[in-house]
Number of protein chains: 2
Amino acid sequence: MVPVPGPTIRDVANLAGVSVATVSRVISGSAPVSPATRERVEEAMAQLGWRPNMAARSLVHGRTGLYGVIVPDVANPFFGELATGMTREAARLGIQIVMLHTDFSEEQDLAALDLCREHRLDAVIYTSGTLGDAHRDAFRKLGRPVVLAATFDPDGEWPGILVDSEIGARMGARHLLSLGHRKIALLGGPETDQVAAGPRWRGWRAELAEAGCLPPAEWQLEVRWKQQHGYQAAISLLRQPEAPTAILCCSDMIALGVLAAAADLGISVPHELSVVGFDGQAIAGFWRPPLTTIGQPIGLIGREALHLATRLVAGEEPPTTRWLTPELIVRGSTATPRR
Amino acid sequence: MVPVPGPTIRDVANLAGVSVATVSRVISGSAPVSPATRERVEEAMAQLGWRPNMAARSLVHGRTGLYGVIVPDVANPFFGELATGMTREAARLGIQIVMLHTDFSEEQDLAALDLCREHRLDAVIYTSGTLGDAHRDAFRKLGRPVVLAATFDPDGEWPGILVDSEIGARMGARHLLSLGHRKIALLGGPETDQVAAGPRWRGWRAELAEAGCLPPAEWQLEVRWKQQHGYQAAISLLRQPEAPTAILCCSDMIALGVLAAAADLGISVPHELSVVGFDGQAIAGFWRPPLTTIGQPIGLIGREALHLATRLVAGEEPPTTRWLTPELIVRGSTATPRR
DNA sequence: CTGTTAGCGCATTCAA
DNA sequence: TTGAATGCGCTAACAG
C-alpha cells in the first residue's frame with residue numbers, strides 16, 4: 001500500500017469546470033461564489049472525495065491550526081486526565097490537538113519540541129515537569145506561544161496554570177495534626193523537582209515545624225512516583241519498632257502503594273495508620289478504605305491551559321502564571337491515632 | 001506572540017554563500033558536497049537556528065515521517081499502556097508519533113482520521129474499538145496503511161494485532177469452575193462490541209454452558225467499562241438473597257469496582273466471593289486482595305502494531321491479523337467457595 | 001462573481 | 001561539485 005497521491009484542488013476545479021481559485025473560495029468562504037457554481041464545486045469535491053492538503057495550506061499561511069501537547073507519560077492517569085481536559089475543550093472550540101508522548105525522557109522532550117517547530121504547530125502546551133535550560137532554549141526557538149500546564153517557569157517567561165502545591169501540602173499536614181497525629185512520615189518525589197515534589201516537601205516541613213513535630217530524617221523518604229515505590233518505602237518504614245502513625249504522600253499512586261503495604265503487614269488503616277495522598281485521582285476513591293487526599297482540579301487545569309494558548313495565538317497579551325488552590329478531600333484513610 | 005516566520009533554507013544559503021540546492025544536499029545527503037562547503041553550510045544553519053519546514057518538505061515528498069495513533073481515552077490506563085508501547089518502539093526506530101485522542105466519540109474519531117488524511121500522515125494505527133461503516137470509509141479514503149491495535153476487522157480488510165478475548169474469557173471461567181464455583185455472575189461491556197466485550201461474553205457462556213452452570217439472566221449484567229459501573233452492578237447483585245459466589249468481569253476496572261462494593265457490603269474476598277478481571281493492568285495488582293485477572297500483553301501489542309505499520313509503509317505485503325494468547329494471572333481475589 | 005498568476009519552503013531535475 | 005529552474009497543492013492578490 002504505497003501512498004497514493006490523491007486528488008488535488010486542480011482535479012476538483014477541472015471536474016467542476018471552474019478555476020482553482022473558485023474552489024479555494026468555496027472551501028474558505030473568503031469571497032462570494034454564485035450558488036450554482038458552489039454547488040457544482042461541492043459536488044465535484046464529494047465525487048472525488050477530495051480533502052485539502054494541509055501541508056500546502058500551512059506553507060501559505062504559516063499556520064497549521066494544530067496545537068501540540070507534550071506529555072511525559074500518558075499511562076499515568078494524572079496526565080491522562082489532564083490531556084482529556086484539553087482535548088474536550090479543544091473539541092468544543094474546534095481546535096485540533098496532537099499529543100506527543102515523551103516517556104519522561106529529555107531527549108524525547110526536545111525531539112517533540114523540534115517536531116512542533118518543524119511542523120509549525122500554532123502553539124505548544126507543555127506538561128512534563130521541571131524546565132531545564134535545554135527546554136527554555138527550545139521554547140524560544142519555537143517562535144510560537146508556549147503554555148505550561150501543571151508546571152511553571154520560575155522565571156516567569158512562560159505562563160502556566162497549576163495548583164499551589166505548597167498550600168496543598170500544608171493542608172494535608174494540618175489535617176493530620178488536627179486529628180492529633182504527631183508521628184508523621186513523609187514520602188515524596190525528588191526535592192529537586194521545583195514544580196510538584198519540592199513545594200510539597202516545603203509545605204509539609206513548614207507546617208510540621210510550626211507544630212513542633214518535624215519528623216526525623218529516617219521518616220523523610222525520597223521515592224519515585226509510582227505505587228511500587230510507595231509500597232517498598234512503606235514496608236521498610238512500618239517494619240521499624242518505632243513506626244509513624246501517619247504518612248503524607250506526594251501522589252495518590254505512592255499512597256496506594258502505602259495502603260497495600262499496610263494491608264500486607266496487617267496494619268489497619270485508618271485505625272493504626274493514617275495515609276494522605278496528593279492529586280485526587282478518581283481511582284483512589286475506589287480503594288478501601290478510600291484515600292484521603294489533596295485534590296487538584298486536573299480537568300480544569302487542562303481546559304484553562306488550552307484557553308490560555310488560544311488567547312496567546314490570537315495575539316492577546318501574555319497573562320501571567322495562574323495558581324489554583326487545591327482542596328482537601330477527607331475520605332476513609334485518615335482518623336485519630338489510636339495511641 | 002505572533003508567529004514569527006523564522007529562517008528559511010534561502011537564508012541559510014545566502015549566509016553560507018551557496019545555493020539552496022547545496023543546502024538541501026547537505027541536509028539530505030542526496031549528493032556529494034565538498035567538505036569545505038558543507039562546513040560553511042552547517043555553520044550557517046547553526047547560526048540561524050534553522051530547521052526545515054516539514055510542510056514544504058512533505059509537499060514535495062508526499063510523506064511526513066509521522067504516524068498517527070488514534071486513541072479513544074488516554075486517561076484509561078489500558079490505552080495509556082498501549083500508547084506507551086508504541087511510542088517506546090517508535091523512539092527506538094526514530095519514528096515520530098502523534099496521538100489523537102477522540103474521547104470515545106465517533107465524530108472525533110472521524111475528525112481524527114480526516115486530520116491524518118489532510119496532513120498526509122504516513123500511517124495510522126487505530127485502537128478505538130469496533131469499526132463502523134464510517135470508519136471503513138474513512139480508512140479507505142486515507143490512501144495510507146492502517147493498522148488496528150487491540151481491535152480487529154471482521155472482514156479482514158485491515159490487519160490488526162490483539163489477544164483472543166474468547167479464549168481469555170474461557171480461561172477465567174475455567175479457573176473459577178476448577179476452584180469449585182457453580183454460581184457465577186457475569187459483568188460485561190455491551191455485547192454489540194465485537195472486539196472485546198462480545199467475545200468475552202461468548203467465551204464465558206460457552207465455558208459455563210459446557211459445565212452445565214450457565215447463570216440466570218439476572219446474573220448477566222451489561223455494564224460500561226469503569227469502576228463506578230462495576231461498583232453499582234455489584235451492589236445490586238450482591239444484595240440479593242441468593243448471591244453468586246464468583247463474578248467474572250470484562251475489565252480490571254469493573255472488577256476493582258466490584259471489590260470496592262464487596263468491601264462496602266462486608267463481603268470478604270476471596271472467602272465469600274471470588275472476582276476475576278480482564279486486562280492485567282498493573283494497578284490491579286496493588287489492590288488488596290490483588291486481583292486475579294486475564295493478562296493481555298498490552299505493551300507488546302503496541303510495539304507490534306507499530307512494527308506492522310512500518311512494514312506496510314515500506315511497501316511489504318499486507319500481513320493478516322495476528323492473535324495473541326492471553327494469560328491467566330492468579331492472584332488473591334479468587335479461592336475455593338466456602339459453601 | 002470568476003480566472004490568472006505569483007509565491008509559500010523545499011527537493012529535484014538538468015546543465016554547467 | 002555546484003547552481004538555476006521547475007513544481008509539489010494551495011491561497012491571495014490582481015484583473016476582468
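We name chains A, B, ... by the order of the sequence lines, and we start the count at 1 in each one. All values below come from the heavy atoms of this structure, side chains included, with hydrogens, waters and symmetry mates left out.
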> Looking at the side chain of P52(A), which of dC1(C), dC10(D), dA11(C) is the nearest nucleotide?
Replying inline: dC10(D)
> Nearest-Å distance, CG (N14(B)) to C1' (dC10(C))?
Replying inline: 15 Å
> Rounded to the Å, how far apart are W50(B) CH2 and dG9(C) P?
Replying inline: 12 Å
> Taking OP1 and OP2 of dG9(D), is either one under 4.0 Å from a side-chain nitrogen or oxygen of T8(A)?
Replying inline: no
>> Could you check whether R92(B) pairs with E89(B) (Lys NZ or Arg NE/NH1/NH2 to Asp/Glu carboxylate O, under 4.0 Å)?
In response: yes
> Taking for each residue the nucleotide of DNA chain C with the nearest heavy atom, is it S28(B) or A55(B) whose nucleotide lies nearer the 5' end?
Replying inline: A55(B)
> Does the distance from a Lys or Arg side-chain N to an Asp or Glu carboxylate O, for R322(A) and E304(A), drop under 4.0 Å?
Replying inline: yes
>> Taking any heavy-atom pair under 4.0 Å as a contact, classify V23(B): base, sugar-phosphate, or nothing.
In response: nothing
> What nucleotide, of dT11(D), dG3(C), dG9(D), holds the atom closest to the side chain of V18(A)?
Replying inline: dG3(C)
> What nucleotide among dC10(D), dC10(C), dT1(D) has an atom nearest to a side-chain atom of S34(B)?
Replying inline: dT1(D)
> Name the one of V98(B), L113(B), T127(B) that satisfies side chain to side chain contact (heavy atoms under 4.5 Å, CB included) with I70(B)?
Replying inline: L113(B)
> Between atom CZ in R63(A) and atom P in dG9(C), what is the gap in whole Å?
Replying inline: 15 Å
>> Between P on dC8(C) and NE2 on H119(A), what's the gap in Å once rounded to a whole number?
In response: 21 Å
> So, does D193(A) use its side chain to make a donor-acceptor pair with the main chain of G198(A) at under 3.5 Å?
Replying inline: no
>> Judged by each residue's nearest nucleotide on DNA chain D, which is more toward the 5′ side, I27(A) or V60(B)?
In response: V60(B)
> If you check the R25(A) side chain, which of dG3(D), dA13(D), dC10(D) turns out closest?
Replying inline: dA13(D)
> What's the spacing between D153(B) CG and L148(B) CG if we round to 0.5 Å?
Replying inline: 6.5 Å
> For H61(A) and dC8(C), what is the distance between atoms NE2 and P respectively, to the nearest whole Å?
Replying inline: 14 Å
> Please give, in whole Å, the distance from dG7(D) P to I9(A) CD1?
Replying inline: 18 Å
> How many Å lie between CG on N53(B) and C1' on dG7(C), as a whole number?
Replying inline: 14 Å
>> Heavy-atom nearest nucleotide on DNA chain D for A21(A) versus L59(A): which residue maps closer to 5'?
In response: L59(A)
> Using a cut-off of 4.0 Å on non-hydrogen atoms, how would the nucleic acid contact of T37(A) be classed: base, sugar-phosphate, or nothing?
Replying inline: sugar-phosphate
> For the pair made of CG in L48(B) and P in dG9(C), what is the distance, rounded to whole Å?
Replying inline: 13 Å
> For T22(A), which contact category applies under a 4.0 Å heavy-atom criterion: base, sugar-phosphate, or nothing?
Replying inline: sugar-phosphate
